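One structure is given below, encoded as structure tokens.
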Number of protein chains: 2
Amino acid sequence: MSMVTLKDIAKVAGVSYATVSRALSGSSEIGEDTRKRILKLCEEMGYTPNAVARSMVMKRTNILGLIVASLDNPFMSELTTNIEIYARRCGYNLMVCNSSYDVDLEKEVFTLLVGRQVDGIILLPISSESYESLKSLTAQVPTVFISENLQDLPEDYVAVDNRQGMRIATEYLYSLGHRKILYFGCRSHSVTHRLRLDGYRQACESLGIEADVLYSPFSRSSHEAGYQLADEYFSGEHAHTAMLCATDSLAIGVMRAAFEHNISIPDQLSLMGFDNISFAALPPINLTSIDQPKQQMATAAVDLLLDRIAKPEAGHTSVIVPPSLVERRSAKQLSE
Amino acid sequence: MSMVTLKDIAKVAGVSYATVSRALSGSSEIGEDTRKRILKLCEEMGYTPNAVARSMVMKRTNILGLIVASLDNPFMSELTTNIEIYARRCGYNLMVCNSSYDVDLEKEVFTLLVGRQVDGIILLPISSESYESLKSLTAQVPTVFISENLQDLPEDYVAVDNRQGMRIATEYLYSLGHRKILYFGCRSHSVTHRLRLDGYRQACESLGIEADVLYSPFSRSSHEAGYQLADEYFSGEHAHTAMLCATDSLAIGVMRAAFEHNISIPDQLSLMGFDNISFAALPPINLTSIDQPKQQMATAAVDLLLDRIAKPEAGHTSVIVPPSLVERRSAKQLSE
DNA sequence: AAGAATTACGAAAACGTTTCCGTAATCCTA
DNA sequence: TAGGATTACGGAAACGTTTTCGTAATTCTT
């Protein structure tokens, strides 16, 4: 169980620590024959370098921290997967912490990760409040925020162009013949939600149709929230031919309500979501949505973070990635 | 950016390193007044203990490694979430690696984690092959397998009682009046799949009904596989009143095929899955399934691992957790 | 009040690496 | 072949902790 160390190798090979280290690091300051001899010995003795000791002297761990509200959330887990894979390719391992949608916990695990000496932290923040809450900490260690648009705040972040996404969605529904499009949002304080609503309004204006908005009283967008909101809506008068939801989760709740009210999607009502979470692609759901390019966001976040680690004092950067339409079967041409 | 260390504190306080260390660790070998003075100083100077240095001398990192085929898989991400939260409560952080369903990569990240000096590794293996492939490595570091039944192999593992689960499922469908129940499986080599099929067969036998099995040619159980298999099945003669799928993913594929063949679920056909992944609960899916208690499995795995870390030489243990039925709306009473 | 026990602290080693500096031995150059 | 440059290696410090051991100073015994 106890590991064989570099010292052990040195002892057996009859050389100094330095020489073994050089053999392993591919330094040029070593003879070709001794290198081979040492490498062979390492192989035979089953030597694995101790990354902790290495970190100690190098003053860097090659570990990145990731704080995520909940890996259960498919959007976040997709991002996480891509981040981990890309980070590893860049030579970094990932230490993951759930913040469980708790701002205090988010703060707690942040300092935990700092104590772990991670080289940088990627944050999938709970909401814009996270920034406020963490403001004093992000100076301690390179940090990039992901998925939440921080606008002009002095931070590095990557986000999708939410406004543009909703513009695309609205225009798409318009192109299908829809003129009465209802926007389903939620009363969240997040900038993301504000921008999405913005995009919808702007598109309506430039298309010359009326903007009509319904808010969920819940601040967290879930399918329960969508269900309740839609149930109420369907119970009253409803003249809209299409519904545009702020998130896929909301849309899935709408689907249930529609089913219970015997409203067929897409025959009687076209429905769209936003995020393109993996759920959306499932055959029984088949939700037309606006995709956030998760892989692109993941690599951008890692790149941004590694840049920041390399140049801690550089100016702050943000990457805005383009959304795209994913056509499925929840929205269709308005038949007259 | 550069951190304040224990040495800095000692210098300012005019005491030795040892005293500062004692103040922080809550040792009794220190005066109450000096302790308070030092703690206050640490607070003021913004001291954060360096976990790496600590690991170096303690010869333990308090880090657990987690190797998972893909966090995109909702079953695995649910497990991961629970593992992380519980591990953290036990004082451990989690280093997560995707094996991307690649046995070689699984092996590679395993050694990577060993080099990272993780105290133990939790493995959500790709298949039973993983055990073979990793056999030589699991001796190097405490390891527990999760979700795959390793039977009598010399390893620690936690798994659900797959056989019992399928028995419950079969009996449930029987209790709803179904006598012609088709089992949809996939030609995987995993023990899990064999045990599930076993459970179905046993239940059929003891209930005195005929067992009828259809295999997907694909070894990975996906909804695409389920769709293709079911599409073919529905195209031919199909006299069964209920279908029991080896996994929820397969069942979701069946749903799509059923829809396309104008077969209403559950009115014309009752459908069940296994795993109770989060998808299953979504309103448009609403799949009756057999639940694997993910939280219980997560905590059991962590507990098992911590036990193993504490007693590396103890005998191997396995924990088999009980499955349970989750009634939703994809299966119903057979109306005559 | 003298010896023993206890308390509170300092000195220093140790953990497994990397790297700086020094230095023999070999090489090249004129 | 003498001199300097280069090569190949060893010694030792350093990274930030924890912990063992030693020892003054204090407290407790009788």
Side-chain angles (χ1 to χ4, degrees), chain A residues 1-39 41-42 45-63 91 112 114-119 140-141, chain B residues 1-39 41-42 45-63 91 112 114-119 140-141:
Chain A
M1 209 68 154
S2 81
M3 292 278 92
V4 27
T5 75
L6 182 146
K7 288 188 179 186
D8 298 331
I9 304 284
K11 210 167 294 170
V12 176
V15 298
S16 71
Y17 313 159
T19 305
V20 180
S21 178
R22 280 190 273 253
L24 290 162
S25 67
S27 158
S28 60
E29 293 193 355
I30 191 176
E32 200 48 45
D33 43 350
T34 41
R35 146 166 300 141
K36 277 183 182 163
R37 189 165 60 91
I38 291 174
L39 255 33
L41 203 58
C42 288
M45 297 179 61
Y47 169 69
T48 319
N50 184 324
V52 173
R54 184 168 222 275
S55 301
M56 184 87 254
V57 40
M58 302 285 274
K59 288 174 159 300
R60 56 183 278 179
T61 52
N62 275 36
I63 297 176
L112 203 73
V114 171
R116 287 285 186 191
Q117 311 298 117
V118 296
D119 293 337
Q140 288 184 42
V141 59
Chain B
M1 211 68 153
S2 80
M3 292 278 93
V4 28
T5 74
L6 181 145
K7 287 189 179 184
D8 298 330
I9 304 284
K11 212 168 294 174
V12 175
V15 298
S16 71
Y17 313 160
T19 306
V20 180
S21 178
R22 280 190 273 253
L24 290 162
S25 69
S27 157
S28 61
E29 293 193 353
I30 190 177
E32 200 49 44
D33 41 352
T34 40
R35 146 168 300 142
K36 278 184 183 162
R37 189 166 59 90
I38 289 173
L39 255 33
L41 202 58
C42 289
M45 297 178 61
Y47 170 70
T48 318
N50 184 324
V52 173
R54 184 168 222 274
S55 301
M56 184 88 256
V57 40
M58 303 284 274
K59 286 175 161 301
R60 53 182 278 177
T61 52
N62 276 36
I63 297 176
L112 203 72
V114 170
R116 286 284 185 191
Q117 310 298 115
V118 296
D119 293 337
Q140 288 186 39
V141 58

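These numbers were taken from a predicted model, which means no experiment stands behind them.
A heavy atom closer than 4.0 Å to some atom of DNA chain D occurs in A:Gly14, A:Val15, these being the qualifying members of residues 6-15 of chain A. Heavy-atom distances under 4.0 Å link DNA chain C to A:Ala53, A:Arg54, A:Met56, A:Val57, A:Met58 of residues 53-60 of chain A, given in residue order.
Between B:Thr34 and A:Leu24, the residue anchored closer to the 5' end of DNA chain C is B:Thr34, taking for each the nucleotide with the nearest heavy atom. The nearest heavy atom of DNA chain C to A:Val4 and to A:Glu29 marks one nucleotide each, and the one closer to the 5' end goes with A:Val4.
With A:Tyr47 as the fixed residue, the side chain to side chain contact (heavy atoms under 4.5 Å, CB included) test singles out one of A:Val20, A:Leu39, A:Leu24: A:Leu24.
For A:Thr61, the side-chain hydrogen bond (donor to acceptor under 3.5 Å, both in side chains) test picks out A:Asp119, with sequence neighbours left out. With sequence neighbours excluded, the residues that form a side-chain hydrogen bond (donor to acceptor under 3.5 Å, both in side chains) with A:Arg60 are A:Asn62, A:Tyr92. Among residues two or more places apart in sequence or in another chain, the side-chain hydrogen bond (donor to acceptor under 3.5 Å, both in side chains) test is passed with B:Ser16 by B:Thr19. Residues satisfying the side chain to side chain contact (heavy atoms under 4.5 Å, CB included) test with A:Val12, not counting sequence neighbours, are A:Leu41, A:Met45. Under the side chain to side chain contact (heavy atoms under 4.5 Å, CB included) criterion, A:Tyr17 pairs with A:Leu6, A:Lys7, A:Ala10, not counting sequence neighbours. Listed by chain and residue number, nothing satisfies the side chain to side chain contact (heavy atoms under 4.5 Å, CB included) test with A:Lys11 (two or more places apart in sequence, or in another chain). Residues meeting the side-chain hydrogen bond (donor to acceptor under 3.5 Å, both in side chains) test with A:Asn50, sequence neighbours left out: none.
Boundaries of the chain A contact region on DNA chain C are C:dG16 to C:dC20, first to last in 5' to 3' order (nucleotide atom under 4.0 Å from a heavy atom).
Rotation axes derived from the C1' atoms of the five outermost pairs at either end of the helix from C:dA1-D:dT30 to C:dC27-D:dG4 lie 40° apart, to the nearest 10°.
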Side-chain donor-acceptor pairs of residues 29-36 of chain A under 3.5 Å, sequence neighbours excluded:
from, atom 1, to, atom 2, distance (Å)
A:Thr34, OG1, A:Gly31, O, 2.9
A:Arg35, NH2, A:Ser27, O, 2.6

